[in-house]
Colleague: 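Quick one: this structure, given as structure tokens, is what I'll be asking you about.
Positions are given from 1, in the same order as the sequence printed here. Numbering of ligands and ligand atoms starts at 1, following listing order.
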Amino acid sequence: MWNLARVAASVLSRSRRFSTAIPGPCMVHKRGTDILHDPWFNKDTGFPLTERDRLGLRGLLPPRVISFEQQYARFMESFRSLKKNTEGQPNKVVSLAKWRILNRLHDRNETLYYRVLIDNIKDFAPIIYTPTVGLVCQNYSGLFRRPRGMYFSAKDKGEMMSMIYNWPAQQVDMIVLTDGSRILGLGDLGVQGIGIPIGKLDVYVAAAGINPQRILPVMLDVGTNNQKLLEDRLYLGLRQPRLEGEEYLSIVDEFMEAVHARWPKAIVQFEDFQMKWAFETLERYRKRFCMFNDDIQGTAGVALAGLLGTVRAQGLSLTDFADQKIVVVGAGSAGLGVLKMAVQAAARMAGNNDAFARNKFFLLDKDGLITKERKNLDPAAAPFAKDPGDFMGLREGASLLEVVRKVKPHVLLGLSGVGGVFNEEVLKAMRESDSVKPAIFAMSNPTMNAECTAADAFKHAGENIVFASGSPFENVDLGNGKIGHVNQANNMYLFPGIGLGTLLSGARFITDGMLQQAAECLASYMTDEEIPKGILYPSIDSIRDITAEVGAAVLRAAVEEDLAEGHGEVGPRDLKHMSKEETVEYVTRSMWFPIYSPLVHEK
Ligand SMILES: NC(=O)C1=CN([C@@H]2O[C@H](COP(=O)(O)OP(=O)(O)OC[C@H]3O[C@@H](n4cnc5c(N)ncnc54)[C@H](O)[C@@H]3O)[C@@H](O)[C@H]2O)C=CC1
Ligand SMILES: CC(=O)C(=O)O
Ligand SMILES: [Mg+2]
């Protein structure tokens, strides 16, 4: 059952909690310029004089030693000047300029990069993550300067077991893998999709404190069906159509075997796979490897937490969720993942009445309402297909407008990838919703693919709505001193905690129970003061605190399911004996935090 008692406890413990202890020495096997060119060890002008002597750096840097704080201030100053200097230029130019300056720092000095990212996550997440990461992927072949992560292509068949040893780190904990086939709402971007694993893993470091030396972004290049890219002579991926069927699966199989042969406990997050492979690979691997699909499972938890928040925003009890009418627009991996989890939750609340729960959900795709009359009905969508005519005569393929007018839903949730499908008429129809606080979730990314803008939602659907979008929008000024609050319903609230909790638990699989605990934890994070104001999710500023709570919830679920094998020196018995508070404390203490470590040369 959903546990509101958690709210009070979590609010009390919301101070900023991350380790700032003096780090131990770090062994380095290089000297001189090799260190300056290694972003992991490089401190730029921050090397103390003794270290310059020890590491053969004397004379390779200007003489003055600049402190970490001064370097930080200098970077932030240059970022602010860039903002000023690009004022008035097109959005695209400004966004890419901001991404470039951060990316250059990432390439040069990871410690400083992650510190500025952590401290300014709310401002920088839209640059390294959605929406700008979408633009970066679209322009990747032109923006490419140096590689990041690993690339496994269809041409590497039979070689992956040895290739995996080309990665220089001894240990890898977290991998984000894509095949580039459905990058955000931008479609097939082939090898250019590598920007997504890079961005997601940056969020892992910032939010979950996963050690950046132990992350690995991976692109599986099996070709692309994007004609424009195939014809682009600067395109950096394989210029061939995507592999299909067994040929495709044999590549993914080989990669998964290779990764787990070298790092048996590495967690693999599947990201932005087109629907058919998203579901198939999840089923194929989830009982063999430690993996999850973020678009299906991470998104579902975040959406469910928001949907439960909307029930509370209406002044109802959580069990009333079973009576909410919800229209889901988009029957892809994300939409179906959300539906599955939401129906399960509603069924539990309706006394395990699955049929009753399903009745309240309406699913549409590009061809309108999905009913059992649909030709070639996708088996994944079939459980949610309506009997034609059973709800006020709604027929197969009914338009979104017709569905909204007849159903008068409490929630309209978009995961269609199509910008503007919640048009003025649809939004106006939401004024007739049966809810006192109708909810509009325009969850598609990036910004231009959102089903509607925040401003349009408040303008057309009314000021009493609650609004959430996948990419950030500014709060909306409603006049008379009133503000329309904009939530960001993005899986970034959950995937870092799912990864970190699983890692620390040492579980070999990620179960539905672990994911449900993650969602429940997020759902109960907001207070009874915040929710009526339409605030469904916490501020991104507190992402480390949220992740600590979510990570602890996942870890405890693994312990309860007897899956926890422990991590490092903390064994399964230690985990079992930790109280809830101790688990949160343990997760928090395990987060990596960027500070310069004294470097000691070792041959
Ligand atoms: N906010 C978040 O955390 C997340 C957002 N997303 C976003 O969700 C979107 C969809 O992702 P997937 O489900 O993986 O894609 P998908 O390609 O698997 O599914 C898209 C679905 O939308 C339907 N659709 C297309 N045009 C439509 C229209 N005009 N009206 C109604 N339905 C339409 C398609 O028929 C299909 O069922 C993407 O934009 C992605 O960025 C995905 C995961 C997480
Ligand atoms: C957020 C995310 O995972 C997506 O848009 O695909
Ligand atoms: Mg995704």
Colleague: Of all N, O or S atoms in Glu271, which has the smallest distance to the Mg ion (ligand 3)?
Modeller: OE2
Colleague: Could you see which bit of Ala278 sits under 4.0 Å from ligand 1, with heavy atoms only: side chain, backbone, both or neither?
Modeller: neither
Colleague: So is Arg182 in contact with ligand 2, going by heavy-atom distances below 4.0 Å?
Modeller: yes
Colleague: I'd like to check whether Met443 has a polar contact with ligand 1, where a contact means an N/O of the residue lying under 3.5 Å from an N/O of the ligand.
Modeller: yes
Colleague: Checking the N or O distance criterion of under 3.5 Å, is ligand 2 in contact with Asn490?
Modeller: no
Colleague: Looking at Arg405 and Glu432, is any side-chain nitrogen of the basic one under 4.0 Å from a carboxylate oxygen of the acidic one?
Modeller: no
Colleague: Is it true that Glu244 and Lys276 make a salt bridge, defined as a side-chain N closer than 4.0 Å to a carboxylate O?
Modeller: yes
Colleague: Looking only at heavy atoms, is any part of Ile196 under 4.0 Å from ligand 2, and if so is it the side chain, the backbone, or both, or is it neither?
Modeller: neither
Colleague: Please list, in number order, the atoms of ligand 2 under 4.0 Å from a heavy atom of Tyr129.
Modeller: 1 (C)
Colleague: Return the name of the atom in Asp295, of element N, O or S, nearest to the Mg ion (ligand 3).
Modeller: OD1
Colleague: Check Leu415 against ligand 1 and report side chain, backbone, both or neither, counting heavy atoms closer than 4.0 Å.
Modeller: both
Colleague: Which of these, Gln269, Lys200, Met443, has its nearest heavy atom closest to atom 2 (C) of ligand 2?
Modeller: Lys200
Colleague: Which residue from Asp365, Ile183, Leu364 reaches closest to atom 31 (C) of ligand 1 through any of its heavy atoms?
Modeller: Asp365
Colleague: Does the distance from a Lys or Arg side-chain N to an Asp or Glu carboxylate O, for Asp294 and Lys200, drop under 4.0 Å?
Modeller: yes
Colleague: Is there any N or O on Val421 that sits under 3.5 Å from an N or O of ligand 1?
Modeller: no
Colleague: Suppose we only allow N, O or S atoms; which atom of Asp272 ends up nearest to the Mg ion (ligand 3)?
Modeller: OD1
